[in-house]
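Each remark here refers to the structure printed beneath this line.
In what follows, chains carry the letters A, B, and so on, assigned in the order in which the sequence lines appear, proteins first and then strands, with residues in each chain numbered from 1.
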Number of protein chains: 2
Amino acid sequence: MLSMVMSLRNQPGASSPSRAAIVDRARRLAAVEGLDGLSLARLAHDLGMSKSGVVALFGSKEALQLATVSIARDVFVEEVVAPVLSVAGGLDRLRALLESHVRYSEARRESGGCFFAATSSEFAGRPSSVRDAILAARAEWDAVLLRIVERAIGKGDLDPDTDAEQLAYQLRALLEAASTDALRLGTAEPHRRTRIAIEAVLRSAGAP
Amino acid sequence: MLSMVMSLRNQPGASSPSRAAIVDRARRLAAVEGLDGLSLARLAHDLGMSKSGVVALFGSKEALQLATVSIARDVFVEEVVAPVLSVAGGLDRLRALLESHVRYSEARRESGGCFFAATSSEFAGRPSSVRDAILAARAEWDAVLLRIVERAIGKGDLDPDTDAEQLAYQLRALLEAASTDALRLGTAEPHRRTRIAIEAVLRSAGAP
DNA sequence: CCTACCGATCGGTAGG
DNA sequence: CCTACCGATCGGTAGG
């Protein structure tokens, strides 16, 4: 069921090694500079090829940006979501997912920002296909978190009258605060505070 | 005491009407397009003047960006913080501040994003004077919120053993989630959820 | 504040 | 995948 919501790959189509290398580099750069901050020439130079080589592989900057959002989504699923789907318990899986997210953003603290944090606010105000792709990826993540919260409630690990949407919202707020504040302040304190707050929120929803 | 932390104006120096008009326009644009998305030519065109007229008034794009951060900070203080400093009670003032922030981001929901949300992630990864100015403004806001939380504890309105930093962190996470999620989803639901969560967090800290 | 201009860089195309 | 090139736009300067 969950794998229907968020399967590991959502990209059909073939991709050359060059294509993969470019998109991977673009993903890392965009987490720091944003998706508009990418330039085809810079990307080409970093990878030792010509600018028109990059254009030939993608067709346009917009297509490159869309491919980059897609791979960023895949990496997020693979690194944060997939590892916890084998956890059997309801609340156990929820806690594993939350910890997985915190660890993920912790590991990235020195190496630049979060791809989705950087690009969401960048495109928030201007409708485009790239914005739609970013929003779709985020909606997918919202749905996964909600599903796992509902599962914990359904298995009786949280109070049965818990408002799943409200709980998921509060947990997401704390995960995002850890990510943005850690980048801003450069310390591990936000992750620590988010972990404390997560436990407080879960306990007030009936978690042991 | 609080007015020392966050006085209404932190800008010395004179400013022509044109300068003020340019910076105000830049502030509104940057909330949507970011501070790098600003172009001197576009700004000049919007205001019916020449590009070099803008350059003459500010000297450089960086100086314009710094002036824009400064005015964005002043507007935030004036609209969110100043109105609640007349509230006498400890917890009453804290609740007034939180509600003031929620209403502020609610009012802006249709008109584009939050200046500091848009620009913080934009500059998060690249050290610069503009980044320092953004971080300083945010640190100032963090300090104000913390001070008002501490005041509520000091006046006995919250449990005396409340961890003020932790509480301020959680409240800030909820305020930011309302702002970013409302822009992303285009609904009033995030503000509603943030209000509910704020009350839950305050009550668990002993608020009546 | 203006016109006129600078070199650099942008995304993208032609042609191979 | 490449070289060579396009028009547009960037921040900024000269000179007034």
Closest approach to the side chain of B:M49, judged atom by atom: which nucleotide of D:dG12, D:dC1, C:dC2 is it?
C:dC2

Out of D:dC1, C:dG12, D:dG12, which nucleotide sits closest to the side chain of A:L40?
C:dG12

With a non-hydrogen cut-off below 4.0 angstrom, is A:L64 in contact with a base, only sugar-phosphate, or nothing?
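Touches nothing.
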
Would you classify A:L38 as touching base, sugar-phosphate or nothing, given that sugar-phosphate means primed atoms plus P, OP1 and OP2, and contacts are heavy atoms under 4.0 Å?
sugar-phosphate

Taking atom [atom2] of [N] as reference, at what distance in whole Å does atom [atom1] of [X] sit?
X     : N      : atom1 : atom2 : value
B:L47 : C:dC1  : CG    : P     : 10 Å
B:R19 : C:dC1  : CZ    : P     : 12 Å
B:K61 : D:dT13 : NZ    : P     : 15 Å
A:Q65 : C:dG11 : CD    : C1'   : 11 Å
A:K51 : C:dG12 : NZ    : P     : 9 Å
A:D36 : D:dC10 : CG    : P     : 13 Å
A:H45 : C:dA8  : NE2   : P     : 16 Å
A:E62 : C:dG11 : CD    : C1'   : 12 Å

Taking pairing as Watson-Crick or G-U wobble with both contacts under 3.5 Å, can you name the mate of C:dA4, or confirm there isn't one?
D:dT13

Phosphate oxygens OP1/OP2 of D:dC2: is one of them under 4.0 Å from a side-chain N or O of A:S52?
no

Check: A:L35 main-chain N/O paired with A:E122 side-chain donor or acceptor under 3.5 Å:
yes

On DNA chain C, nearest-nucleotide positions of A:G59 versus A:S39: which is more 5'?
A:S39

Is there a side chain to side chain contact (heavy atoms under 4.5 Å, CB included) between B:R108 and B:S179? Walk through the geometry before answering.
CA-CA 9 Å; B:R108 248 179 7 210; B:S179 182; 3.5 Å; yes

How far does CZ of A:R172 sit from CZ of A:R138, to the nearest 0.5 angstrom?
7.0 Å

Should B:S121 and A:T180 count as side-chain neighbours, where that means a heavy-atom distance under 4.5 Å?
no

For B:F115 and B:F76: C-alpha separation, side-chain torsions, deciding distance, then whether ring pair (Phe, Tyr, Trp, His ring centres under 6.0 Å) applies.
CA-CA 9 Å; B:F115 177 87; B:F76 181 87; over 10 Å; no

